[in-house]
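Below, read A as the first sequence line, B as the second, and so on, with proteins coming before strands; counting in each chain starts at 1.
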Number of protein chains: 2
Amino acid sequence: MNPRAGQTKKRTRIQAKNEAKILEAALDIFATFGFRGTTIDQIAQKAEMSKPNLLYYFRRKEDIYISVLERTLDEWLTPLTELDPDGDPIKEIGKYTSLKLQMSQNDPTASRLFANEILHGAPMIEHVLKGSLKDLVDEKAAVIHHWVKSGKLTKVDPYHLIFMIWATTQHYADFKIQMRAILGDEVDQADYFEKAGNTISTVFFEGIKPR
Amino acid sequence: MNPRAGQTKKRTRIQAKNEAKILEAALDIFATFGFRGTTIDQIAQKAEMSKPNLLYYFRRKEDIYISVLERTLDEWLTPLTELDPDGDPIKEIGKYTSLKLQMSQNDPTASRLFANEILHGAPMIEHVLKGSLKDLVDEKAAVIHHWVKSGKLTKVDPYHLIFMIWATTQHYADFKIQMRAILGDEVDQADYFEKAGNTISTVFFEGIKPR
DNA sequence: TAAATTCCTGACCATTTGGTCAAATTAACG
DNA sequence: CGTTAATTTGACCAAATGGTCAGGAATTTA
């Protein structure tokens, strides 16, 4: 019987193993080629199984895509949840930025997957953006707003500050190819992301106008 | 006879009109759905002509895509060329940032088109990135480096500073849907980009650490 | 106006691709 | 071991899609 038909039947070992294998392969392919650019055959090949067998676990291409998105979303939102209202503002924002940059370094596919989805109008995850993401951002924007009010930060709009952090850090995952075209293999060296982090925090904290 | 077969025959009025119509329609569609996500039929419908007629002007889907990319590339690089080595560094970078942000506001499709292309590995424009783009960036990075050396700017890496400017400004085109999900219709108001610009220049110039 | 050229279209084709299905194979279990 | 359920596969289908082509309509040119 099809495993996804019988709601929450007991999950077999084989089932768990194959589903994981599929999702792992799918993340890579979807992140590179987008939803429409990806074929089921590609995923099946990368997951080392036949197409009908893959479709035995996920009935439709869309099901795989949604599963991959959901799986990555949690991980993606975690860093922001850790922004501590009681911590030192500069340190907290520094930690957050650094964490996001690390994610761009260690798991660029996740970033590219979302970039693709959003660029194409976010047809599958719009409700998440308007739901849990918006709630989380609203909450943390309030925290930042409070920091600004109490004079611990320069007067900036909290939302746009968050957008700036997202933009700069995710850029290192999404546009890495452009960076490599300009800087060469340097972008694959170990100290590249360190340099990036230094520049980002210098600009964010001090600004480029000499004091 | 097919207009693209006879190299540089005299361009007809009809030809010029239809080619422009096609490229305009194609920009929109390609920017939204990416190369593989776009069908020739979609472009033909938006350009108000039949598919065979469209293929009379551009023999292959790829030809349209490349034309659209090339057409937008020049416009895209212009602002950076205007960074004046003899101007005031803060003013020059402010002008550049503001110009790029304006482009995200007025022509977000162009930004999305490139984002798509680069996300997918830049298969069509890699040579441009490694060529004229790299040259231009190298040149302007040298200018910024000089500004830093002479103490007119905080000590930052020129390349990463340029990347930061690209990231923050283009984010307002590429991720507008996410912003709208979080902020609502505010993002379509006239003063939204003004607020964005203010935040960006405050952070870039002053930093978020209070003086 | 008549010939030549450009422009346009409906019909058509080959390939790709998402998805199905019956039947074979393997694993699980009493 | 034998029965039952889960897994895998090759063959197949229908729709979508990139692209072709012969010929008709419109436009330019002589």
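Nucleotide C/dT6 holds its C1' atom 13 Å from the NZ atom of B/K17, rounded to whole Å. Put simply, CD1 on B/I22 is 12 Å from C1' on C/dC8, counting in whole angstrom units. Per the geometry, CG belonging to A/L54 stands 11 Å off P belonging to C/dG18, to the nearest Å. Counting to the nearest Å, the C1' atom of C/dG19 and the CD1 atom of A/I64 are 11 Å from each other. Regarding A/M49, its CE atom lies at a distance of 18 Å from the P atom of D/dA6, rounded to whole Å. What separates CD of A/Q45 from C1' of C/dT17 is a distance of 15 Å, to the nearest Å.
Two residues are said to be in side-chain contact when any heavy atoms from C-beta on lie closer than 4.5 Å; B/K95 and B/P79 fail this criterion. Put simply, the side chain of B/S67 does not reach to within 4.5 Å of the side chain of B/R71, judged on heavy atoms. Side-chain contact between B/H171 and B/M179 is present, with heavy atoms from C-beta onward closer than 4.5 Å.
B/N53 has a side-chain polar atom (N or O) that falls below the 4.0 Å cut-off from OP1 or OP2 of C/dT9. Distances shown here put every side-chain N or O of A/Y56 at or beyond 4.0 Å from the OP1 or OP2 atom of D/dT8. The phosphate of C/dT6 (OP1 or OP2) has no side-chain N or O of B/Q15 nearer than 4.0 angstrom. Regarding contacts with the backbone of D/dT8, every side-chain N or O of A/S50 stays at 4.0 angstrom or more from both OP1 and OP2. Between A/N18 and D/dT8, a side-chain N or O to OP1/OP2 separation shorter than 4.0 Å is present. Applying the 4.0 Å criterion to OP1 and OP2 of D/dT28, one finds that B/R13 has a side-chain N or O inside that range.
In this structure, the ring of A/Y159 has its center no less than 6.0 angstrom from the ring center of A/H145.
Ring geometry, A/Y65 versus A/F30: the interplanar angle exceeds 60°, so the pair is classed perpendicular (tilted spans 30 to 60°).
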(request) Using a 4.0 Å cut-off on protein heavy atoms (strictly under), produce a 5'-to-3' string for nucleotides 11-24 of chain D with B for base contact, S for backbone-only sugar-phosphate contact, and - for none. (result) B-----SBBBB---

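By the salt bridge (charged side-chain N to carboxylate O under 4.0 Å, His left out) test, B/D157 is found to be paired with A/K195, residues two or more places apart in sequence or in another chain being considered. For the salt bridge (charged side-chain N to carboxylate O under 4.0 Å, His left out) test, no residue two or more places apart in sequence or in another chain qualifies with A/E75.
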